[in-house]
Amino acid sequence: MKFVSSYEPGEYEPEIYAAWETADEFLPGGKVGADEKLYDNKPSNDPTHYSIVMPPPNANGNLHIGHGLTIAIEDSLTRYHRLRGDMTWYIPGADHAGFETWVVYERVLEAQGHTRFEYSRDELYAQVWNFVEEQRGNMELQVRALGASCSWKDLTFTLDENVVRRVYATFEKMWQDGMIYRGEKLVNYCPKHQTAFADIEVDHKDEKGKLWDIAYPVVDSDQEIIVSTTRPETLFGDVAVAVNPEDNRYKDLVGKKVQLPLTDREIPIIADEHADMEYGTGAVKITPAHDYDDYEVGERHNLPRIRVIGDDGAMLENCGPEFAGLTTADCRKKALQALKDAELLRGEKEIVHSVAHCYKCGTVIEPTLKEQWFVDVKKLAKTAIKHLEADEIKFFPTSKKRVLINYLEGLKDWNISRQIPWGIAIPMFRNVNTGEWIFDTRTNLSEIEIHGERYVRDEDTFDTWFSSSHWPIVCTNWEEGQKNPYYPLNVMETGADILFAWVARMIMMGLYVTKEVPFKEVYLHGLVLDAHGQKMSKSKGNVLNPLDMVAKYGSDAFRMGILRGRSAGMNQAFSEQSVVSGRNLCNKLWNVARFIQSIVDEGQDSSNSAEPSTDNVGEDWICREINEARWQIESQMKGYRFAEAVETMHSLIWDKYADWFVETEKIYKNIPLLKSTLESILKMLHPFAPFVTEAIWQNLSWTDGLLIAERWPKDYKYDPISAENYDKLMDVVTHTRSTIQALSEADKHFSRNDVVLLYGDDSIVDDNQLLVQHLTRVSSVISTEGQPRGLRLALANHEVYLDVSQDIVAKYAESLDNKILAVGRELDALNLRMMNPNYVDKAPAELVEETRKLIAEKEALIERLKLERQAI
RNA sequence: GGGUCGCUAGCUCAGUUGGCUAGAGCGUCUCGUUUACACCGAGAAGGUCGGGGGUUCGAGCCCCUCGCGACCCACCA
């Protein structure tokens, strides 16, 4: 490798990643620690352990921008802790993504002219397995391109044998604890995918619809009761009409029966609070098999449940020959017409109501009565709340903890069975004679025999989240009774959008299985929105591919760019400009390193230790600044303030190191300090920009080994007085530069190239003439020797003049006036503060003292400025 | 109905127990080519911190209230 004038990420990234990986640096403890057994009871030297898991990306998918953010965050944490010397374990994963993958595969089948119904469940499982197998590896390559320093040999796939074993063990325990039940309940059913969903997987959207009023004749009477409904087609499943017990209009009718139109059934009129007197006619038809509220009404009144819509979304036989087999939409039309013909349709009005949709295909969810496996979540949720309230998990952002508790408090039982072949088979078998269910893990068989009895396996698979909720447990190989320094995880980093679906369930499951919370801290990132703050979606066409960004600007630039301006839990726009800024920073650092290398190449190899020399106060200053930045990074990483950490490094490298320190070294070439400070900066930036820092490390002539395996820098020793003197010197330099610029703007003939800087009683300038001259680019810096002349700079603690003619100074008068006014305003504000006796009494003494000092300085400054002005 | 978050420079966002002149990146304007870097250097402009009220010596930050925006949960016959 060789230093060329600009950094080309594409030329370095692949081989650098390969070098890290082949050197086993991603293993906990790196190459050195690789032999240590991860689960050993006594790790050598008792190091600090740091564990973090990757939320498993879909094994057969491509990474999206959210994964890019995920990896930028997680890998920064990982590399930071590795540099700090922790036994750091970043565990990668791949998700079989049950339903997601199934949807993709169903499309593949469709494209081939086949359907799922041509194959058995087991055949389909095998087909999808092969399909995923072919696609796998793609995702992993992308994770590598983003620089994730995860321990690949520990990659966990959600269908791995140990995952299945653990999931079955938990399920068995729950079964024995009576927390699993099979119930015929209403489930969110997608007729297109023909599977049930958990509540959380359903999208509710407000839609325009119609509310129809339908008359139900009262039996043995000429009265009728008019019900309001948005779903006339479910009329065939009605089992009652409910009115509010307080509703005087219908009091007399309660207990009577109505003739259910279009059928020959009679159903009762019941009193139930569910009926809202204000809504519609105040009378509501009850269809327990197709509506959640009605289901509950049915429970309360012991009503039958009549299913009228089939698994395929078509009306069942019991709707009568006229309606059976129709789609719900057709049936609605036909039923309405029939009601109209019978003069029972009494009204129709437009309303807006919320309709449930399949989150994947958008099909309207049909609440359907089905036999499903449920987890009784009461105890799980209660335990989780207890531990959350005891603050055993720290949340970033903190507000999400309350949100989570709020959710857990209202949690309903969890439907864990899915009618799709791709997933972990539910290990339950039903006795073909008695119907009794038994637990058995031989799910590779569809039928088993025990004591001469035949049992048939349930064909359903687990909800993906049921297995994913074991993620921290399975990734760290947690086993009962064994000490595991990596469990609980130090942090769970994931998207705020899956707080309920995943984080909540990991906490419940972790506590249930291990009796411990599964992680100590949770960091939730928000959505990455497009440049205009819009959610990215395929239909909007505003999706950005992180790998495109990597190809265009480099992995480091992407990582720093996406971290910029981002804070916990917030949905934030993605800015390509930030990526450009990251790219520029990489290039800046590259060139700084290139320059330092050239000094090292030319210079004498002195054997001095890396310390500030006495002749360059800038060296003390940069040591102070590096120390300061390091402490900041440490605190920012602890608080997950990545954007600030990136900014700290940006400012250290660009505004401080390159602009103010490296410039001084063009005069004073302290090679040991240059080497050492550059190394420190490389280490400090490495968590965020792993590739460019390693590329530089490899290019430098004096470094050995890999940067990834280095240790975090220590404090520099420096002279604080010298460092402060450099601050003051910077003041002089900045003022000189801006005054020269102002003069040249005031007078077009002013030549800025041969300005002489004069100084009077000013030891800082006197001691650092060379530096001042170099940094200000004046032609010379000389003492006034008691004969002040020219334009005195507006600096409180310095006596510095620009040696220019009175002509030029006169042209500068206006900006001098402005300056006098500005300082006057500041002075007024300060004086006002001091005139408040309460401030003097109550504010901290050092603050008051500080104010006094400032007033004195400003007063002196304004005096001098006024004198200056009079002289013109 | 229950809950959460946001409103700070033209844009995207920082601002951690309340404390000096409110910051960054990008953008804008002016000037420039020096032992690395035009993916550059120097300088500058730009903010009544959503409105109002309160607490305080002191509020971007704490409390109340109003407005605007986003989101989550429940419900919507």
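Predicted model only: the values in this text are computed from it and were never measured. Per chain, numbering begins at 1; letters A, B, ... match sequence-line order. Computed over heavy atoms, backbone and side chain alike; hydrogens, waters and symmetry mates excluded.
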*What residues, two or more places apart in sequence or in another chain, satisfy side-chain hydrogen bond (donor to acceptor under 3.5 Å, both in side chains) together with D247(A)?*
R249(A)
_Main-chain N/O of N670(A) paired with E665(A) side-chain donor or acceptor, under 3.5 Å_ = yes
*Candidate pair H525(A) and I73(A), rule side chain to side chain contact (heavy atoms under 4.5 Å, CB included), full reasoning*: CA-CA 9 Å; H525(A) 61 255; I73(A) 292 170; 3.9 Å; yes
_Nearest listed nucleotide, side chain of L847(A), among rA42(B), rG19(B), rC37(B)_ = rG19(B)
*asked:* Dot-bracket, 5' to 3', for RNA chain B please: Watson-Crick or G-U pairs under 3.5 Å, [ ] where pairs cross earlier ones, | where the partner sits on another strand, dots elsewhere.
replied: (((((((..((((.....[...)))).((((((....).))))).....(((((..]....))))))))))))....
_Nucleic acid contacts of residues 555-567 of chain A, taken as heavy-atom distances under 4.0 Å to RNA chain B_ = R564(A), G565(A), S567(A)
*Base, sugar-phosphate alone, or nothing: which one does Y407(A) contact when heavy atoms must sit under 4.0 Å apart?*
nothing
*Which whole-number value in Å describes the distance from L743(A) CG to rU30(B) C1'?*
15 Å
*Between rA36(B) atom P and I696(A) atom CD1, what is the distance in whole Å?*
17 Å
*Report the distance from atom CG of L585(A) to atom P of rC39(B), rounded to the nearest whole Å.*
15 Å
*Under 4.0 Å protein heavy-atom contacts per nucleotide of nucleotides 2-11 of chain B, with B for base, S for backbone only and - for none*: --SSS-----
*Where the side chain of E850(A) is defined as all heavy atoms beyond and including C-beta, which of rC57(B), rA36(B), rC20(B) is the nearest nucleotide?*
rC20(B)
*Rounded interatomic separation in angstrom, taking CD from E278(A) and P from rG1(B)*: 14 Å
*Q632(A) side chain N/O closer than 4.0 Å to the phosphate oxygens (OP1, OP2) of rU16(B)?*
no
*Is the closest basic N to carboxylate O distance between R231(A) and E233(A) below 4.0 Å?*
yes
*Roughly how many Å is it from CG in L408(A) to P in rC73(B), rounded to a whole number?*
14 Å
_T851(A): which residues meet the side-chain hydrogen bond (donor to acceptor under 3.5 Å, both in side chains) condition with it, sequence neighbours left out?_
Y839(A)
*Between S581(A) and D206(A), who's closer to the 5' end of RNA chain B by nearest nucleotide?*
S581(A)
*asked:* Measuring from the side chain of S738(A) (C-beta onward, heavy atoms only), which nucleotide among rU21(B), rG43(B), rU35(B) has the closest atom?
replied: rG43(B)
*Using a distance-only test with no angle check, is there a side-chain donor-acceptor pair under 3.5 angstrom linking Y640(A) and E521(A)?*
yes
_R594(A) side chain near rC39(B) phosphate (N/O to OP1/OP2, under 4.0 Å)_ = no
*Where the side chain of A843(A) is defined as all heavy atoms beyond and including C-beta, which of rC39(B), rU35(B), rG19(B) is the nearest nucleotide?*
rG19(B)
*Measure from the side chain of Q572(A), starting at C-beta and using heavy atoms only, and say which of rU21(B), rU30(B), rA14(B) lies closest.*
rA14(B)
*asked:* Here's a test of your reading of the structure: between W660(A) and S575(A), which maps to the more 5' nucleotide of RNA chain B?
replied: S575(A)
*May I ask you to evaluate whether W654(A) reaches the phosphate of rC40(B), defined as a side-chain N or O under 4.0 Å from OP1 or OP2?*
no
*Would you say S744(A)'s side chain and Q741(A)'s backbone share a donor-acceptor pair under 3.5 angstrom?*
yes
*asked:* Is the phosphate of rC40(B) approached by N584(A) (side-chain N or O, under 4.0 Å from OP1 or OP2)?
replied: yes
*Of the candidate nucleotides rC39(B), rU35(B), rC57(B), which contains the atom at the shortest distance from the side chain of N838(A)?*
rC57(B)
*Without hydrogens or angle criteria, can the side chains of T664(A) and N616(A) be said to hold a donor-acceptor pair below 3.5 Å?*
yes
*List the steps and the verdict of side chain to side chain contact (heavy atoms under 4.5 Å, CB included) for E644(A) and S567(A).*
CA-CA 9 Å; E644(A) 286 175 59; S567(A) 52; over 6 Å; no
*With the side chain of S5(A) defined as its heavy atoms from C-beta on, choose the nearest nucleotide among rA74(B), rC37(B), rC20(B).*
rC37(B)
_So that I know where these two stand, are Y12(A) and W590(A) an aromatic pair - ring centroids less than 6.0 Å apart?_
yes
_Taking any heavy-atom pair under 4.0 Å as a contact, classify P844(A): base, sugar-phosphate, or nothing._
base
*Answer with yes or no whether the side chains of D199(A) and N188(A) bring together a donor and an acceptor at under 3.5 Å.*
yes
*Distance only, no hydrogens: is a donor on one side chain within 3.5 Å (strictly under) of an acceptor on the other, for H274(A) and E296(A)?*
no
*Between E576(A) and K552(A), is there a salt bridge with N-O shorter than 4.0 Å?*
yes
*Going by distance alone, is a donor N or O of one side chain under 3.5 Å from an acceptor N or O of the other, for H353(A) and D206(A)?*
no
*Picking from rC31(B), rG19(B), rU35(B), which would you name as closest to the side chain of F595(A)?*
rU35(B)
*Once you round it to whole Å, what is the distance between C1' of rC37(B) and CD1 of I653(A)?*
14 Å
*asked:* Can you tell me which nucleotide in rC39(B), rG25(B), rA36(B) comes closest to the side chain of H650(A)?
replied: rG25(B)
*Return the residues of residues 637-645 of chain A meeting this criterion: a heavy atom under 4.0 Å from some atom of RNA chain B. Order them by number, or give none.*
R641(A), E644(A)
_Side chain of N591(A) (C-beta onward), nearest among rA42(B), rC37(B), rG19(B)_ = rC37(B)
